[in-house]
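Scroll down for the structure; my scribbles are underneath it.
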Amino acid sequence: AQRVTQPEKLLSVFKGAPVELKCNYSYSGSPELFWYVQYSRQRLQLLLRHISRESIKGFTADLNKGETSFHLKKPFAQEEDSAMYYCALSASTGFQKLVFGTGTRLLVSP
Amino acid sequence: SAVISQKPSRDICQRGTSLTIQCQVDSQVTMMFWYRQQPGQSLTLIATANQGSEATYESGFVIDKFPISRPNLTFSTLTVSNMSPEDSSIYLCSATNSGSREKLFFGSGTQLSVL
C-alpha cells in the first residue's frame, strides 16, 4: 500500500533560519512525489513536483529512493512561508490518485 | 490555470439528511476528483468523477453513500447521503488538465458539520 509520512505536525523557526520539512513514503514502484502548500485562507496549491526539479519560492526537494524520502528544504525561511505543507505521492504518471501525508504546519517568526 | 468554484463553502446539516456539493471549473479539464479531509487528518481520495459514466470509487467509499455526477467536462457534484456526525469533514473538489504543465487544481473546499 502507498503511504506518506510527515512526522512533524508543527515546525517553528525564526526568519532567516534553514527549513527542512520531512516526508517519507512507502511504495514498491517508482512514485511521483509532490509538495502542496496551503496559505492562510487560501486553497491548496502545488508547490513543486520532483520530476520538474524546479526551485519554487526558494524551496527545493530531492527524491531519495534509497531512503524513500522527499524532504522539502529552504536555506533561509521568510515569514510569508508560514503555511501548511503537504507531501503527496502518485503511483502513476501525473496526478491520478494522490496519497497525501498529514501535513506539517510551518511557522516562521520574525 | 484552472479556477475551481465549489459551493456551498460550508453547511451545518442534520443527521439523516443529504447534501449535494457542486464543483464548477472555468475550463475543460481531463480529470476531476473528490477528496475528504477529516478533522486532524490528511486528504483522502473518495473517487474519480468520470464524464458521462459512473465514478470510480476508492476503497472504503461506495456510490450509495457518496453518489457523484459529472455531466460534462467542467462540472461535477458530490452528494453526502444519510449523513451522520462522522461525515463532518472538509470536502474538496480537484481537477487536472492536460498539457505541458499538467497541474492538479483544488477548490476552496466545503466545510460540512453534521449535528
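By convention in this document, chain letters (A, B, ...) are assigned in the order of the sequence lines, proteins followed by strands, and residues within each chain are numbered from 1.
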Any chance NZ of B:Lys65 has more than 12 other-residue heavy atoms, nucleotides or ligands included, within less than 6.0 Å?
yes

Indicate yes or no: at least one non-hydrogen side-chain atom of B:Gln37 is less than 4.5 angstrom from one of A:Tyr86.
yes

Side chains of B:Leu104 and A:Tyr36: does their closest heavy-atom pair fall under 4.5 Å?
yes

Among the clusters formed by ILVMFWY side chains lying less than 4.5 Å apart, do [X] and [Y] turn up in the same one?
{"X": "A:Leu11", "Y": "A:Val4", "value": "yes"}
{"X": "A:Tyr39", "Y": "A:Leu107", "value": "no"}
{"X": "A:Leu89", "Y": "A:Tyr85", "value": "yes"}
{"X": "B:Ile68", "Y": "B:Tyr35", "value": "no"}
{"X": "A:Tyr25", "Y": "A:Leu48", "value": "yes"}

Calculate, to the nearest 0.5 Å, the distance between atoms [atom1] and [atom2] belonging to [X] and [Y] respectively.
{"X": "A:Gln38", "Y": "B:Leu43", "atom1": "CD", "atom2": "CG", "answer": "8.0 Å"}
{"X": "B:Thr44", "Y": "A:Leu98", "atom1": "OG1", "atom2": "CG", "answer": "12.0 Å"}
{"X": "B:Ser108", "Y": "A:Gln42", "atom1": "OG", "atom2": "CD", "answer": "11.5 Å"}
{"X": "A:Arg43", "Y": "B:Leu92", "atom1": "CZ", "atom2": "CG", "answer": "10.0 Å"}

Interface check, chain A: of B:Ser94, B:Gly107, B:Gly40, most non-hydrogen pairs under 4.5 Å belong to B:Gly107

Do side-chain atoms of B:Ser42 reach the backbone of A:Phe100 as a donor and acceptor pair under 3.5 angstrom?
yes

